[in-house]
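Let me begin by presenting the structure, written as structure tokens, before commenting on it.
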Amino acid sequence: MKLSLRGDYALRALIVLAEHYGQGIVRIQTISEQQNIPKRFLEQILNDVKSGGFVESRRGIAGGYQLARSPEQITLADLIRYVEGSLVALPPDTESAGLRGVQPDEVQLAIRSVLKEVREAILKVLEHVTLADLCERARKLRSNTAGLDYMI
């Protein structure tokens with residue numbers, strides 16, 4: 001599974017908002033700088049996820065964004081489905097690929113069945129991981145690397 005750049009940016013922006021949940025509005029400039037996302041592209045993405053009910057916004061000098069629901073209520077599956085359109089694509093059937101009348105052989109059916117199992121496993125994980133879970137993972141990773149000093 002691969003996220004588009006738009007999906008990656010949306011997820012990263014919502015994680016920032018999740019980390020600030022309950023602390024009020026977060027300025028778009030803050031998200032842009034923290035995640036190194038072009039501000040104009042981020043504005044488009046946040047307006048889109050606002051339409052999906054994931055974030056709320058406030059206009060003006062003190063404006064910005066905040067999550068519309070708690071981070072525990074937003075799953076990766078919900079967000080990725082909204083931004084990307086689908087979660088995991090399967091290889092096309094021979095019928096839909098324009099090969100009408102061609103019957104897949106046993107090997108093709110076996111491969112397709114395994115890929116379907118992989119898709120279902122990915123969906124199961126994405127449906128159980130929330131923004132709150134990702135925030136916790138990010139906190140742990142930050143604390144693990146906080147004391148490291150790199151020398152070359």
Side-chain angles (χ1 to χ4, degrees), residues 1-60 63-100 102 104-105 107-145:
M1 179 182 156
K2 185 173 183 341
L3 287 178
S4 67
L5 186 60
R6 182 180 191 82
D8 179 54
Y9 284 172
L11 190 53
R12 289 169 39 200
L14 265 65
I15 290 170
V16 171
L17 295 177
E19 290 177 328
H20 290 89
Y21 185 73
Q23 301 172 12
I25 298 291
V26 179
R27 294 182 58 226
I28 196 165
Q29 187 70 30
T30 303
I31 301 168
S32 173
E33 290 172 359
Q34 185 177 341
Q35 293 299 314
N36 197 25
I37 301 172
K39 188 177 172 188
R40 296 231 182 226
F41 193 27
L42 182 58
E43 288 171 348
Q44 294 171 1
I45 292 168
L46 289 174
N47 280 329
D48 185 33
V49 295
K50 178 182 173 187
S51 299
F54 294 95
V55 300
E56 299 170 336
S57 67
R58 183 181 313 151
R59 297 176 69 132
Y65 290 86
Q66 65 184 8
L67 290 181
R69 297 176 276 164
S70 76
E72 293 83 8
Q73 295 176 328
I74 301 174
T75 67
L76 295 188
D78 292 337
L79 181 60
I80 293 170
R81 237 184 235 117
Y82 183 78
V83 175
E84 300 286 345
S86 70
L87 291 172
V88 182
L90 283 176
D93 292 337
T94 53
E95 290 290 321
S96 62
L99 302 173
R100 300 195 192 295
V102 176
D105 63 20
V107 172
Q108 291 168 316
L109 291 172
I111 292 168
R112 192 173 298 143
S113 70
V114 169
L115 293 176
K116 185 177 179 187
E117 288 177 35
V118 170
R119 178 183 184 270
E120 289 169 1
I122 291 171
L123 289 173
K124 187 175 183 178
V125 170
L126 293 176
E127 288 171 350
H128 289 92
V129 176
T130 66
L131 288 179
D133 297 328
L134 282 180
C135 289
E136 183 59 31
R137 288 182 188 205
R139 271 191 284 277
K140 285 180 182 177
L141 288 170
R142 280 188 206 112
S143 67
N144 288 344
T145 59

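Within the model, atoms CD1 of Ile25 and CZ of Arg59 stand 13.5 Å from one another, a figure rounded to the nearest 0.5 Å. For the atom pair Asp133 CG and Ile74 CD1, the distance stands at 12.0 Å (nearest 0.5 Å). Expressed to the nearest 0.5 Å, how far CZ of Arg81 lies from CD of Glu127 amounts to 5.0 Å. Note: Ser113 OG to Ile111 CD1 = 9.0 Å, rounded to the nearest 0.5 Å. Annotation: the span from Leu79 atom CG to Leu131 atom CG amounts to 6.5 Å, rounded to 0.5 Å.
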Trace of the side chain to side chain contact (heavy atoms under 4.5 Å, CB included) decision for Asp78 with Leu126: CA-CA 8 Å; Asp78 292 337; Leu126 293 176; over 6 Å; no
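Taking Tyr9 as the reference, Phe41 meet the ring pair (Phe, Tyr, Trp, His ring centres under 6.0 Å) condition, with sequence neighbours excluded. Judged as a salt bridge (charged side-chain N to carboxylate O under 4.0 Å, His left out), and not counting sequence neighbours, Arg69 has no contacts.
Contact check for Ile80 versus Thr75: no side-chain heavy atoms found under the 4.5 Å cut-off. The shortest side-chain heavy-atom distance between Gln29 and Lys39 falls under the 4.5 Å cut-off. Within the 4.5 Å cutoff, the side chain of Leu14 has heavy atoms near those of the Leu46 side chain. Looking at heavy atoms from C-beta onward, Asp105 lies in side-chain contact with Gln108 at the 4.5 angstrom threshold.
Listed here is the closest heavy atom pair of Leu42 and Ser32: CD2-N, 3.6 Å. When all heavy atoms are compared, the tightest approach of Lys50 to Ser57 is NZ-OG, 2.9 Å. Across all their heavy atoms, Leu67 and Ala18 have their closest contact at CD1-CA, 3.5 Å. Nearest heavy atoms, Leu17 versus Tyr65: CD2-O, 3.5 Å. Contact record, Val49 with Ala10: CG1-CB, 4.5 Å, taken as the closest heavy-atom pair. The two residues Val83 and Gly7 come nearest to each other via the heavy atoms CG1-CA, 3.7 Å.
Between the side chain of Tyr82 and the main chain of Gly52, a donor-acceptor pair closer than 3.5 Å is present.
Put simply, the residue from Arg139, Arg137, Arg142 that forms a salt bridge (charged side-chain N to carboxylate O under 4.0 Å, His left out) with Glu19 is Arg142. For the side chain to side chain contact (heavy atoms under 4.5 Å, CB included) with Arg119, the lone residue among Leu123, Ile122, Leu115 that qualifies is Leu123.
Note on residues 3-12: pairs passing salt bridge (charged side-chain N to carboxylate O under 4.0 Å, His left out), not counting sequence neighbours, are Arg6-Asp48, Asp8-Arg12.
Checked for salt-bridge contact, Lys2 and Glu84 miss the test: no charged N lies under 4.0 Å from a carboxylate O.
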